[in-house]
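Below: one structure, written as structure tokens.
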Amino acid sequence: MLEKTFDPKAVEPRLYAAWEASGAFKPSEDPNAEPFVIVIPPPNVTGSLHIGHALNNTLQDVLTRFHRMRGKAALWLPGTDHAGIATQMVVERQLAAAGNIGRRDMGRDAFVERVWEWKAESGGAITNQLRRLGASCDWSRERFTLDEGLSAAVRKVFVQLYKQGLLYRDKRLVNWDPQFQTAISDLEVEQKEVDGAYWHFAYPLADGVTYQHPVAFDDEGKPTQFETRDYIVVATTRPETMLGDTGVAVHPSDERYKDLVGKDVVLPIVGRRIPIVADDYADPTKGSGAVKITPAHDFNDFGVGKRAGLPAINILTPEAKLNDAVPAEYQGMDRFAARKAIVARAEEEGWLKEIEKTKHMVPHGDRSGVVIEPYLTDQWYVDAYTLAQPALKAVETGETVFEPRHWEKTYFEWLRNIEPWCVSRQLWWGHRIPAWFGPEGSIFVEETEEAAYAAAREQFGADVVLNRDEDVLDTWFSSALWPFSTLGWPEKTPDVARFYPTSTLVTGFDIIFFWVARMMMMGIHFMGEAPFKQVFINALVRDEKGAKMSKSKGNVIDPLALIDELGCDAVRFTLTAMSGQARDIKLSKQRIEGYRNFGTKLWNATRFAQMNGCVRVEGFDPASVAQPINKWIRGEVVKTLGEVTKALEAPAFDEAAGSLYRFIWNVFCDWYLELAKPILNGEDEAAKAETRATTAWVLDQILILLHPVMPFITEELWDKTAEEGGPARQAMLISTSWPELPESWIDADAAAEIGWLVDTVGEIRSLRAEMNVPPSAKPALAVVGAGEGTQGRLSRHRDLLLSLARLGEISLADAAPAGTAPVVMGEATGALGVAEFIDVAAEKTRLTKEIAGHVSEIEKTGKKLGNPDFLARAKPEVVDENRERLAEAEAAKAKLEAALQRLAAMA
RNA sequence: GGGCGGUUAGCUCAGCGGUAGAGCGUCUCGCUUACACCGAGAAUGUCGGGGGUUCGAUCCCCUCACCGCCCACCA
């Protein structure tokens with residue numbers, strides 16, 4: 001006998017181990033089995049499982065288990081990511097906290113060694129946490145982005161792209177993170193609004209030049225008054241950059257400054273003469289219309305400088321301190337200190353014209369949180385534009401489909417405006433760039449050092465000294481190869497042949513650019529076809545107030561704590577049920593408790609079946625059942641199977657969860673088991689045996705259908721129900737086939753009959769409650785106007801009606817006896833003998849209210865049907881439906897009015 | 001500045017052209033031999049505002065308001 005409740009803690013580890021040991025996590029080797037493949041979005045190897053992972057991986061596991069049960073060769077390929085900056089940052093922090101020397105003092109080899117140690121120490125955590133979630137990954141295929149195979153793939157891709165001209169080295173402005181002292185990509189920059197100011201500076205014109213500057217305007221905006229100026233005003237949010245100015249730009253059509261183009265200004269403090277140039281970039285409507293140009297520290301200015309031939313003077317060190325290109329007094333000063341100093345100096349010397357306080361967007365490093373500087377360096381770039389074109393096409397043509405579809409717009413938008421991807425990072429933890437620098441600026445990009453030397457020897461005709469590039473690659477470079485590198489590429493492995501392209505990618509919208517788009521680009525370029533058929537974008541999990549969870553806010557919900565407390569299945573079901581499309585998931589514990597209760601409900605339903613001897617019967621054929629409730633529930637199983645299958649194919653996880661919940665709780669437990677009780681306790685042995693067998697069969701179907709979402713409780717019940725006798729289980733539930741049941745098992749007559757029964761019981765219960773008939777009272781029911789069909793139903797379900805509606809007796813009558821209240825029973829009317837309990841006034845109120853409801857319905861529908869346009873243009877079935885509705889409402893109203901009259905007569 | 005999404009019962013959300021739904025919460029009953037992590041019943045909505053299309057609009061179109069997110073060169 002089952003315990004009263006399910007004990008997840010005891011069961012989960014045992015079942016997980018049993019699944020893994022059984023080999024169920026490995027894809028079927030049946031060559032006829034169609035593959036179903038998911039590659040996991042690799043979590044940071046040193047990370048730990050947060051609720052977002054729990055959602056993402058639950059959905060992947062639901063899909064994997066579903067397709068596995070459907071007979072596919074299901075592969076869910078797990079692995080972890082080395083997460084360059086994030087991991088390096090953690091280890092650096094650890095070193096600092098322990099009072100150790102920093103990484104630069106430690107040296108590269110020692111530091112990298114230290115990171116590997118940290119990986120070894122913490123690296124198993126996240127995969128073990130995935131196991132606790134029930135993830136049925138094929139751990140024998142687990143990969144790590146820095147393992148040897150994946151590193152080989154990275155080298156091969158880098159070299160090939162280089163040789164195809166799709167990857168190149170360039171000197172241009174990059175987003176420079178002064179804390180990590182590395183370049184980062186555009187995507188790693190976060191714009192944040194901060195308080196700032198526009199400082200308006202007056203740059204004096206050289207050589208005594210002056211001009212007339214308008215200072216007053218008429219209504220039409222024409223200048224009416226001018227003043228003579230010997231300076232030009234420019235505004236900046238970063239005063240310190242003026243030390244690197246090499247020009248001032250004005251718009252070519254700007255009348256105010258027309259005569260100044262070609263003249264020079266003398267840069268304050270520095271004393272450098274810099275030219276005033278004409279460039280479309282200068283916007284006459286902004287500020288003074290003149291803009292200072294710092295080509296080495298501003299993306300726009302870099303372009304202006306190139307067009308106008310202005311030099312780029314770098315004034316910063318990698319830590320963002322002023323370098324020796326600036327006057328001695330400022331050298332070594334931090335950029336923000338320099339800002340203050342320059343402003344103070346400008347004020348003192350009188351060339352600070354105005355301070356305009358404002359808020360503006362300032363770029364910050366997404367990891368470091370510090371302000372990013374545009375910085376002129378040599379880096380490696382991928383020609384993302386070229387790679388993006390086929391990636392766009394793949395989604396445009398539907399080779400790859402996003403679910404929900406609207407995310408395709410986001411994908412298109414980014415890819416259509418894509419910029420070169422800076423892939424080199426001045427970090428130590430990551431894939432070393434396979435490039436070697438030789439004499440005379442030569443570069444050799446090869447997969448091995450030997451090959452690089454060989455190429456150099458060939459070029460120079462002699463042995464030369466090469467220096468390997470010190471940089472590593474952006475983490476996302478290796479992640480971009482994940483769908484094929486994990487399968488063994490560039491080796492021609494059977495896995496590559498069988499499992500590429502993969503089926504569905506399940507991931508969050510926050511990495512559509514970082515990851516999905518780049519996998520699309522690399523997958524198509526190197527494999528010839530897109531890496532996934534479907535990209536399912538899951539929602540973002542937020543706290544119950546809708547706030548994004550973050551450690552600093554302290555609102556992080558730990559999925560493992562929830563699993564400990566409420567069980568893995570409850571957490572999984574909650575996440576599945578709440579994963580509606582493209583919505584934030586606001587997670588509350590209450591909700592999870594509700595689904596824990598759902599598990600308990602199923603557990604107890606099984607317990608009830610056990611207590612009533614509902615043992616599975618060898619060779620039982622549901623097609624053969626005779627009892628209406630059994631015919632009915634058989635059909636309900638078929639319907640539910642259809643709904644769940646369709647939902648998981650889509651996938652529409654919330655719909656699958658909803659169907660399961662409704663069927664198991666509201667249909668099977670609330671009605672079928674209740675309806676089965678009189679039979680199970682009755683004398684009809686044949687009906688009893690049939691109902692027992694049916695119950696056991698339905699339970700089996702429930703366990704199968706629910707298994708992808710709630711794997712533990714279902715597997716446990718699968719095991720426990722087998723102990724009761726019946727045929728031996730062929731396999732664990734995880735390896736059991738998804739059912740295919742004939743639609744013909746849906747019996748319309750049985751459904752109608754049980755529907756009638758359920759409605760009748762509902763009506764009577766409702767009536768009893770409203771009239772305060774005590775639960776112990778057993779009123780009689782007289783049925784008026786029962787046709788043959790109703791009479792048959794009454795006799796077949798007499799016992800059920802008596803017990804479920806708590807009736808004393810049921811009889812047929814020609815007219816409603818006195819002292820009764822009406823019950824709608826299809827075409828017949830029940831008369832519930834409630835005289836002794838009745839509160840006449842309350843009953844009158846009730847009937848009047850109900851009549852009013854029907855009257856408004858009659859008015860509404862009648863109006864519709866009286867509209868010739870409606871009759872002429874609406875679909876015929878809709879018209880018929882309305883006619884029926886009207887007839888029903890009128891009939892019901894008549895019955896109730898009759899009852900009201902009787903009541904009036906009584907009083 | 002550009003784009004995307006949202007606004008439906010107290011809360012969280014589903015529905016997306018033909019009688020407004022679920023879960024939770026609330027209220028009232030109930031220890032009926034599976035389950036109080038339960039059962040029975042009930043209440044609750046100008047489906048953000050305003051136009052339009054339609055026989056008919058929560059659902060389609062336009063517009064406004066508010067909320068959230070993403071992208072964008074910090075004059």
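Order of the sequence lines fixes the chain letters, A, B, ..., with proteins taken first and strands second; residue numbering starts at 1 for each chain. The structure presented is a predicted model; accordingly, all values stated were derived computationally and were not measured.
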> Under 30°, 30 to 60°, or over 60°: which ring-plane class applies to A:W414 and A:F513, parallel, tilted or perpendicular?
Replying inline: parallel
> Contact class for A:P363 (heavy atom, under 4.0 Å): base, sugar-phosphate, or nothing?
Replying inline: base
> What is the pairing partner of B:G45, taking Watson-Crick or G-U wobble pairs with both distances under 3.5 Å in any strand?
Replying inline: none
> In the strands shown, is B:A22 matched to any nucleotide by a Watson-Crick or G-U wobble pair with both distances under 3.5 Å, and which?
Replying inline: B:U12
> Looking at residues at least two apart in the chain, or sitting in another chain, which of them share a ring-ring contact (aromatic ring centres under 6.0 Å, His included) with A:Y203?
Replying inline: none
> Heavy atoms under 4.0 Å, any strand shown: does A:E413 hit a base, just sugar-phosphate, or nothing?
Replying inline: nothing
> With a non-hydrogen cut-off below 4.0 angstrom, is A:M361 in contact with a base, only sugar-phosphate, or nothing?
Replying inline: base
> In the strands shown, is B:C66 matched to any nucleotide by a Watson-Crick or G-U wobble pair with both distances under 3.5 Å, and which?
Replying inline: B:G6
>> Between C1' on B:C70 and CG on A:D366, what's the gap in Å once rounded to a whole number?
In response: 14 Å
> With sugar-phosphate meaning primed atoms plus P, OP1 and OP2, does A:A290 contact a base, only sugar-phosphate, or nothing at under 4.0 Å between heavy atoms?
Replying inline: base
> Atom CG of A:N417 to atom C1' of B:C70: distance rounded to whole Å?
Replying inline: 13 Å
>> Using the side-chain heavy atoms of A:Y281, tell me which of these nucleotides is nearest: B:A75, B:G41, B:A36.
In response: B:A75
>> Both A:F513 and A:V761 contact RNA chain B. Taking the nearest nucleotide for each, which residue is further toward the 5' end?
In response: A:V761
> Rounding to a whole Å, what distance do you find between A:E593:CD and B:C11:P?
Replying inline: 21 Å
> Got a second to check how far A:L602's CG is from A:L699's CG, nearest 0.5 Å?
Replying inline: 7.0 Å
>> Does a side-chain N or O of A:S766 approach OP1 or OP2 of B:A42 to a distance below 4.0 Å, or not?
In response: yes
> Which part of the nucleic acid, if any, lies within contact of A:I512, taking any heavy atom under 4.0 Å across all strands shown: a base, the sugar-phosphate backbone alone, or nothing?
Replying inline: nothing
> Using a cut-off of 4.0 Å on non-hydrogen atoms, how would the nucleic acid contact of A:R238 be classed: base, sugar-phosphate, or nothing?
Replying inline: base
> Using a cut-off of less than 4.0 Å, is there contact between a side-chain N or O of A:N882 and OP1 or OP2 of B:U19?
Replying inline: no
> Any side-chain N or O of A:W665 under 4.0 Å from OP1/OP2 of B:A34?
Replying inline: no
>> Against the six-membered ring of A:Y672, is A:K677 placed for a cation-pi contact (under 6.0 Å from the centre, within 45° of the normal)?
In response: no
>> Between B:A34 and A:E674, counting only base atoms on the nucleotide and side-chain atoms on the residue, is there a donor-acceptor pair under 3.5 Å?
In response: yes
>> Using the side-chain heavy atoms of A:D670, tell me which of these nucleotides is nearest: B:C55, B:G39, B:C24.
In response: B:G39
> With distance as the sole criterion, is a donor-acceptor pair present between the side chains of A:K863 and A:T861 under 3.5 Å?
Replying inline: no
> When you look at A:K9 and A:D7, which way does the salt bridge (Lys or Arg N to Asp or Glu O under 4.0 Å) test go after all the steps?
Replying inline: CA-CA 6 Å; A:K9 266 192 171 169; A:D7 179 9; over 6 Å; no
> Is there a Watson-Crick or G-U wobble partner for B:G1 with both distances under 3.5 Å, and if so, which one is it?
Replying inline: B:C71
>> Rounded to whole Å, how long is the line connecting atom OH of A:Y595 with atom P of B:C24?
In response: 8 Å
> If you check every side-chain atom of A:L673, which of B:C55, B:A40, B:A34 has the closest atom?
Replying inline: B:A34
>> Nearest to the side chain of A:K860, heavy atoms from C-beta on, is which of B:A20, B:G25, B:G23?
In response: B:A20
> Given atom CD of A:E193 and atom P of B:A72, what is their separation to the nearest angstrom?
Replying inline: 16 Å
>> Please give the distance between the P atoms of B:C27 and B:U7 as a whole number of Å.
In response: 29 Å
> Nearest to the side chain of A:K4 - B:C37, B:C35, B:A72?
Replying inline: B:C35
> When rounded to the nearest Å, what value does the distance between C1' atoms of B:A34 and B:A42 take?
Replying inline: 26 Å
>> Assuming nearest nucleotide by heavy-atom distance, tell me which of A:L187 and A:R339 is located more 5' along RNA chain B.
In response: A:L187
> Could you go step by step and tell me if A:K893 and A:E890 meet the salt bridge (Lys or Arg N to Asp or Glu O under 4.0 Å) rule?
Replying inline: CA-CA 5 Å; A:K893 178 173 161 251; A:E890 276 171 342; over 6 Å; no
> Can you tell which of B:G23, B:G18, B:U12 lies closest to the side chain of A:Y661?
Replying inline: B:G23
> Any idea which of B:G41, B:C24, B:G5 is nearest the A:A769 side chain?
Replying inline: B:G41
>> side chain to side chain contact (heavy atoms under 4.5 Å, CB included) for A:D195 and A:K357? Distances and angles first, verdict last.
In response: CA-CA 8 Å; A:D195 287 320; A:K357 295 271 184 197; over 6 Å; no
> Is there a side-chain polar atom (N or O) of A:R885 under 4.0 Å from OP1 or OP2 of B:U19?
Replying inline: yes
>> What's A:Y198 touching, base or sugar-phosphate or nothing? Going by heavy atoms closer than 4.0 Å.
In response: sugar-phosphate
> Between B:G51 and B:G15, how far is it from one P atom to the other, in whole Å?
Replying inline: 28 Å
> OP1 or OP2 of B:C55 sitting under 4.0 Å from any side-chain N/O of A:R873?
Replying inline: yes
>> With rounding to the closest Å, how many angstrom separate the P atoms on B:G48 and B:C13?
In response: 15 Å
> Roughly, in whole Å, what's the span from CG in A:L767 to P in B:A42?
Replying inline: 11 Å
>> Should the side chain of A:R596 and the base of B:C37 be counted as holding a donor-acceptor pair, with the cut-off at 3.5 Å?
In response: yes
> Is there a Watson-Crick or G-U wobble partner for B:C38 with both distances under 3.5 Å, and if so, which one is it?
Replying inline: B:G30
> Rounding to a whole Å, what distance do you find between A:R692:CZ and B:A34:P?
Replying inline: 14 Å
> Is A:K601 side chain donor-acceptor paired with the B:C35 base, going by distance under 3.5 Å alone?
Replying inline: yes
>> Using OP1 and OP2 only, check whether a side-chain N or O of A:K677 sits under 4.0 Å from B:U33.
In response: no
>> Does A:D569 form a salt bridge (Lys or Arg N to Asp or Glu O under 4.0 Å) with A:R596? I'd like the steps, not just the answer.
In response: CA-CA 7 Å; A:D569 292 320; A:R596 183 269 322 264; over 6 Å; no
>> Within the 4.0 Å heavy-atom criterion, would you say A:A249 contacts the bases, only the backbone, or no part of the nucleic acid?
In response: nothing
> Looking at the side chain of A:D283, which of B:A75, B:A20, B:A34 is the nearest nucleotide?
Replying inline: B:A75
> NA contact type, A:V234, heavy-atom cut-off 4.0 Å: base, sugar-phosphate, or nothing?
Replying inline: nothing
> Do A:F402 and A:W407 have ring centroids that are under 6.0 Å from one another?
Replying inline: no
> Base, sugar-phosphate alone, or nothing: which one does A:K292 contact when heavy atoms must sit under 4.0 Å apart?
Replying inline: nothing
> With a non-hydrogen cut-off below 4.0 angstrom, is A:F598 in contact with a base, only sugar-phosphate, or nothing?
Replying inline: nothing
> Which whole-number value in Å describes the distance from A:R806 CZ to B:G41 C1'?
Replying inline: 14 Å
>> As a test of reading the structure: which of B:A34, B:G23, B:A75 is closest to the side chain of A:A235, going by heavy atoms?
In response: B:A75
> To the side chain of A:V878, which of B:C69, B:A72, B:G18 is closest?
Replying inline: B:G18
